[in-house]
**Q** 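Let me give you the structure first, and then I'll get to my questions.
Remember, predicted model here, so these are calculated numbers, not experimental data. For reference, positions follow the sequence shown, starting with 1. Values reported hereafter were calculated over all heavy atoms of this structure, with side chains retained and with hydrogens, waters and symmetry mates removed.
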Amino acid sequence: MSKTLVNFIEELDTNAKLLETYKANPVGTAKDYGLSEEDVKIIEDKNWDELSKRFEDLGKAPRNIRS
């Protein structure tokens, strides 16, 4: 199973080390996690509307990762 942006954001809620790394380097952390270039671009562009849409499309409550 490939890692998705939603998986990544959910893991940020439960993995303190990943969250600290994300806070220091969001784009690099997303790439290291194995996200697609499209998903990395969402983080790089801070496209929070698209991120929220991804959660809504899966019937999940959006998470706040704005930095």
Side-chain angles (χ1 to χ4, degrees):
M1 180 174 140
S2 63
K3 296 179 179 180
T4 68
L5 183 56
V6 170
N7 297 137
F8 177 65
I9 301 307
E10 289 178 331
E11 189 164 342
L12 288 175
D13 278 347
T14 60
N15 183 331
K17 184 175 181 178
L18 183 65
L19 180 60
E20 287 305 312
T21 304
Y22 172 82
K23 287 178 180 179
N25 183 358
V27 172
T29 304
K31 287 180 181 180
D32 290 347
Y33 188 78
L35 295 182
S36 69
E37 286 300 316
E38 178 185 347
D39 287 348
V40 170
K41 185 82 172 133
I42 290 170
I43 290 173
E44 184 175 31
D45 293 346
K46 298 181 179 181
N47 187 348
W48 309 133
D49 290 337
E50 177 61 27
L51 178 61
S52 292
K53 183 181 177 306
R54 299 276 180 102
F55 275 89
E56 291 166 3
D57 288 349
L58 294 172
K60 296 183 176 193
R63 304 291 203 290
N64 183 359
I65 62 160
R66 296 173 189 194
S67 53

**Q** Between E20 and K23, does any NZ, NE, NH1 or NH2 come within less than 4.0 Å of an OD or OE carboxylate oxygen?
**A**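 Salt bridge: yes.
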**Q** Holding to side chain to side chain donor-acceptor pair (under 3.5 Å), I want the full list of residues that pass it with K41, two or more places apart in sequence or in another chain.
**A**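 Listed in chain order: D45.
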**Q** For L12 versus L18, what's the shortest heavy-atom pair and its separation?
**A**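 Where L12 meets L18 most closely, the heavy atoms are CD2-CG, 3.7 Å.
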**Q** Please walk me through it: do V40 and I42 pass side-chain contact (heavy atoms from CB on, under 4.5 Å)?
**A** CA-CA 5 Å; V40 170; I42 290 170; over 6 Å; no
**Q** Report yes if some heavy atom in the side chain of K53 is under 4.5 Å from a heavy atom in the side chain of F55; otherwise report no.
**A**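 Of all side-chain heavy-atom pairs linking F55 with K53, none is under 4.5 Å.
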**Q** Looking at CG of D39 and CG of L51, how far apart are the two atoms once the value is rounded to the nearest 0.5 Å?
**A**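 With rounding to 0.5 Å, CG (D39) is 9.0 Å from CG (L51).
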**Q** From D32 CG over to N25 CG, what is the distance, rounded to the nearest 0.5 angstrom?
**A**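 Between D32 CG and N25 CG, I get 7.5 Å after rounding to 0.5 Å.
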**Q** Can a donor-acceptor pair be found, under 3.5 Å and without considering hydrogens, that links the side chain of T29 to the backbone of T21?
**A**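 Here the side-chain-to-backbone pair exists.
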**Q** Once you measure the plane-to-plane angle for F8 and Y33, does it fall in the parallel (<30°), tilted (30-60°) or perpendicular (>60°) bin?
**A**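 The arrangement is tilted - the two ring planes meet at 30° to 60°.
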**Q** Sequence neighbours left out, what passes salt bridge (charged side-chain N to carboxylate O under 4.0 Å, His left out) with E11? Give chain and number order.
**A**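 Partners of E11 under the salt bridge (charged side-chain N to carboxylate O under 4.0 Å, His left out) test: none.
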**Q** Rounded to the nearest 0.5 Å, what's the gap from CD1 on I43 to CG on L5? Could you check?
**A**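 Reported value, rounded in 0.5 Å steps: 5.0 Å.
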**Q** E38: which residues meet the side chain to side chain donor-acceptor pair (under 3.5 Å) condition with it, sequence neighbours left out?
**A**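 Testing E38 for side chain to side chain donor-acceptor pair (under 3.5 Å), a comparison that skips the adjacent residues, returns R54.
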**Q** Can S52 and D49 be said to form a side-chain hydrogen bond (donor to acceptor under 3.5 Å, both in side chains), step by step?
**A** CA-CA 5 Å; S52 292; D49 290 337; 5.6 Å; no
**Q** If we check side chain to side chain contact (heavy atoms under 4.5 Å, CB included) with E10, which of these qualifies: T14, D13, V6?
**A**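 With E10 as partner, side chain to side chain contact (heavy atoms under 4.5 Å, CB included) holds for just one option, V6.
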